[in-house]
Amino acid sequence: MKIVLSPQDQVIRKRAAMLSVLMHVLLFLGMIFMVDWKAVHVSPSVMEATLWDSLPSKQPSKPATKPVEPTPPPPPPEPKPEPKPPEPKPPEKVAPPEPQVKQAEQEAEIALKKREDEKKRLLDEEKKKELEQKKQEEKLKKIQEALRKQEEEDKLKKIQDAMRQQDMDAQQSAAAGAVDPSVLNYYMGLMSRKIRSTVNSGLCPVTNPELLVDIQMTNSGDISGMPKLVKGSGDAVCDDAVIRAILAAKPFDMPDDPAARKKMVDQIRLKFRPRS
Amino acid sequence: MNKTVTMQNLKNGLIHFLSHTIGAGVLVWMFALPAQAALELEISGGSAIQIPIAILPMAESGSAQSGSRLHDIISNDLRGSGMFRIINTSGMPALPTNAAQIKYTDWTALKAQGLSLGEVQQAGGNLKVSVQVMDVLRQTALLQLTYTVSPSQYRHVAHLIADQIYEKFTGQPGAFSTRIAYVTKVGKRFTLQIADYDGFNAQTLVSSNEPIISPSWSPDGSKMAYVSFEKKKPIVFVQSLYTGERKIVANFKGNNSAPAWSPDGSKLAVVLTYGANSQIYTISADGSNLQQVTKSSAIDTSPAFSPDGQWIYFTSDRGGRPQVYKVSASGGSASRVTFEGSYNDGPRFSPDGKYLTYIRNDGGAFKVAVQDLGSGDVKVLSTGSQDESPSFAPNSRTIMYATRVGGKGTLATVTVDGLVRQRLSEAGGDIREPAWGPAQAAPK
């Protein structure tokens with residue numbers, strides 16, 4: 001069924017259509033503004049939208065004879081206001097519509113609709129683009145986040161590895177350096193007793209001088225090289241007797257514990273008081 | 001969003017903080033680690049008293065042997081000193097005769113610190129004795145000795161080698177080549193004899209049917225003073241060991257006894273009953289210049305000069321019982337030296353002046369005691385019941401004394417620390433009154 005509108009109604013309808021178009025334009029502008037505002041604060045990317053009435057004609061560019069001065073990019077074209085619909089002529093008289101007028105109206109309506117659809121399509125496209133960009137940004141962010149996370153995890157792992165290595169080193173050095181004092185004391189006591197049993201104190205002065213002798217132990221409990229007299233008694237016979245006693249006392253019992261053994265393989269300073 | 005960023009920032013900050021802090025911590029820990037002091041071991045005292053040494057038999061050629069093997073003599077000397085432990089080498093499969101053949105590990109396994117080896121060769125009518133003494137622990141040569149002597153000096157060479165070894169290890173001169181004097185009684189015959197320190201090679205200086213007592217060496221070893229009863233009373237004689245010439249030094253009214261040389265050999269301290277009771281006098285070695293040293297109503301006897309010649313130590317019963325006193329060599333008041341025990345008699349100094357030895361009545365037994373003049377400590381050294389006449393070796397390490405075994409007198413030695421005792425000789429009847437000669441004894 002076809003509805004036939006009166007010229008008055010048609011005028012009203014045209015106005016309504018124009019108002020609707022205006023509102024859409026405003027809404028569109030508002031959206032652009034909002035998007036632009038959001039883009040400024042949320043993302044550095046700027047969304048630009050340009051509405052074209054018609055595609056610009058492609059003109060072949062002339063070959064440049066000299067370098068062209070770079071010109072600033074043209075400002076985004078202002079959205080052109082909608083061409084005003086032709087002023088409706090005041091109805092002179094109410095007369096039944098002409099079939100040609102009806103056709104023009106229909107065509108205008110179709111054009112309007114087409115334009116609205118186009119606008120809607122563009123808007124949707126814009127929204128889609130925006131959404132996609134948002135998604136891309138989020139994806140990028142996620143990737144960046146993942147990368148940062150990975151980097152942090154790597155860093156953390158490195159630190160953990162370093163700490164683990166440090167622990168292992170500490171354990172190794174504990175195995176090598178930290179010595180159970182009771183074990184060390186026991187074997188040093190054995191060494192002391194063995195040397196003492198070979199020291200002929202009768203060959204040393206009754207003034208009981210102090211002698212210092214450095215020895216370098218081997219893993220097998222032997223003495224590497226000759227004992228070094230650091231501080232003599234002042235009596236050559238006494239000094240000689242003490243050195244001989246040290247040599248006569250070797251080899252010494254060594255602990256099985258590697259740390260204690262290592263400690264004993266270090267240089268040992270023997271402090272003698274032969275007449276005590 | 002902001003919240004996420006803030007958390008992220010906090011996390012990042014924490015990681016950075018941790019990484020820096022841990023990094024710094026590791027560095028501190030690493031730098032703190034290495035400075036660890038070397039071990040120090042304190043050893044007080046020493047329980048070893050003897051030096052282990054192996055004295056190997058020497059390769060001997062021709063008729064070099066003279067009754068006793070050289071290494072045995074050296075071993076006996078060193079063992080008797082108390083300072084050496086002689087390692088038994090009888091179990092060793094092959095003994096080296098020169099340094100190149102020594103397998104040191106064999107000897108360190110036996111705990112040897114020294115090793116003596118060498119050879120004896122006949123060179124014309126003499127013996128050429130070559131000895132090497134090795135330091136087993138350092139694997140170096142300590143001594144390289146060569147002597148050419150007549151066969152009769154075979155033992156003497158052994159003693160000389162022992163002296164060298166002793167001195168090398170102890171820093172003190174040995175006394176194995178010194179000589180001793182002692183009196184023997186065989187039947188009714190008394191003989192004053194001079195022998196090697198170990199009793200071998202004895203030679204008679206004087207002999208009598210009357211008692212001979214109190215032999216005393218002059219400091220240079222050229223003369224011997226002694227008391228002879230040959231004139232039916234005790235008279236002090238001095239006899240030259242070179243010429244045999246003898247001279248009466250003290251033949252005063254009453255008894256003349258107990259001669260003791262001053263350190264410079266110019267005079268003697270003697271005991272005379274010239275006045276009434278036994279008193280100490282000094283007299284020149286030629287018998288002149290008699291001077292009374294002690295003037296007491298008690299019996300003063302057994303004088304001995306201190307090594308510095310300033311004092312005369314003697315026995316006196318002025319305190320009621322025999323004790324050792326000292327008086328200035330020029331006379332004066334005497335002061336008591338021994339306070340332990342009820343009987344201390346016959347003081348003799350060690351040549352180094354550190355010790356005084358005398359006979360102590362120890363629970364009814366007469367024993368050799370030694371007193372450390374530095375600390376005053378007294379130690380009883382001998383184990384007999386009728387020990388007498390203690391006399392120091394020239395190196396002050398050993399004391400010789402007379403003891404009785406099986407009703408007969410014999411000689412024995414004991415080290416000053418009392419650890420080694422040795423009996424010297426069983427032969428030759430009743431032996432008594434030993435006196436150890438000085439280092440520079442008269443030639444044989």
Side-chain angles (χ1 to χ4, degrees), chain A residues 42 145 148-149 152 155-156 158-159 162-163 165-166 169-170 173 177 184 188-189 191-193 195-204 206 208 211-215 217 226 235-238 240-250 263-264 266-276, chain B residues 1 4-5 8 11-12 14-23 25-26 29-30 33-34 36-52 82-85 108 111-114 135-140 142 167-172 354 372 374-375 397 415-417 419:
Chain A
V42 174
E145 186 72 25
R148 193 162 51 231
K149 224 174 188 179
E152 284 167 9
K155 227 174 194 176
L156 201 63
K158 273 183 187 173
I159 292 168
M163 289 174 78
Q165 185 63 39
Q166 190 183 325
D169 288 348
S173 68
L184 196 60
M188 292 293 275
M191 177 186 272
S192 173
R193 277 196 289 278
I195 294 176
R196 195 176 174 277
S197 72
T198 56
V199 172
N200 193 328
S201 56
L203 297 176
C204 288
V206 289
N208 198 19
L211 295 93
L212 298 177
V213 182
D214 284 348
I215 58 170
M217 296 290 296
M226 294 301 288
D235 183 314
V237 172
C238 177
D240 188 54
V242 167
I243 298 290
R244 223 173 38 237
I246 295 166
L247 291 171
K250 70 175 189 176
K263 190 72 183 161
M264 281 187 75
D266 286 346
Q267 191 178 70
I268 299 177
R269 173 156 291 183
L270 305 174
K271 193 174 173 184
F272 285 91
R273 286 277 186 190
R275 285 283 190 168
S276 294
Chain B
M1 184 76 174
T4 310
V5 169
Q8 191 60 50
K11 199 173 170 183
N12 285 343
L14 182 66
I15 288 168
H16 280 280
F17 172 77
L18 277 175
S19 61
H20 283 97
T21 308
I22 291 167
V26 169
W29 177 71
M30 282 168 68
L33 259 185
Q36 292 195 13
L39 290 176
E40 188 169 291
L41 183 60
E42 201 163 323
I43 301 167
S44 296
S47 53
I49 51 169
Q50 294 177 321
I51 301 160
M83 294 296 291
F84 292 84
R85 178 170 64 82
T108 50
K111 303 289 180 195
Q113 295 185 16
D135 183 330
V136 173
L137 299 170
R138 294 187 178 95
Q139 302 187 7
T140 55
L142 286 173
E167 186 164 1
K168 196 69 193 174
F169 280 92
T170 67
Q172 300 289 319
K354 292 180 180 173
D372 185 324
S375 65
R397 280 285 309 163
T415 52
V416 75
D417 51 17
L419 294 172

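In what follows, chains are A, B, ... by sequence order, proteins preceding strands, each numbered from 1. Given the structure is predicted, the values throughout are model-derived calculations rather than measurements.
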Measuring heavy-atom distances to chain B, does [X] have an atom under 4.5 Å in its side chain, in its backbone, in both, or in neither?
| X | value |
| --- | --- |
| A:M226 | side chain |
| A:L247 | both |
| A:L211 | neither |
| A:S192 | both |
| A:V237 | side chain |

Heavy-atom side-chain contact between B:L39 and A:L184 under 4.5 Å: yes

Heavy-atom check, side chain of B:M83 versus side chain of A:L203, under 4.5 Å: yes

Top of A:R273, A:Q267, A:R196 for chain B proximity - count of heavy-atom pairs under 4.5 angstrom: A:R196

Interface residue of largest heavy-atom contact number with chain B, from A:R244, A:M188, A:R193, under 4.5 Å: A:R244

Spacing of A:N200 atom CG and B:I51 atom CD1 [to the nearest 0.5 Å]: 5.5 Å

Which one wins on heavy-atom pair count under 4.5 Å against chain A: [options]?
| options | result |
| --- | --- |
| B:A112, B:P52, B:A48, B:G46 | B:A48 |
| B:K168, B:E42, B:K111 | B:E42 |
| B:S47, B:G171, B:G374 | B:S47 |

A:D240 with B:R138: basic N within carboxylate O range, under 4.0 Å: yes

Side chain, backbone, both or neither of B:Q172 within contact of chain A (heavy atoms, under 4.5 Å): neither

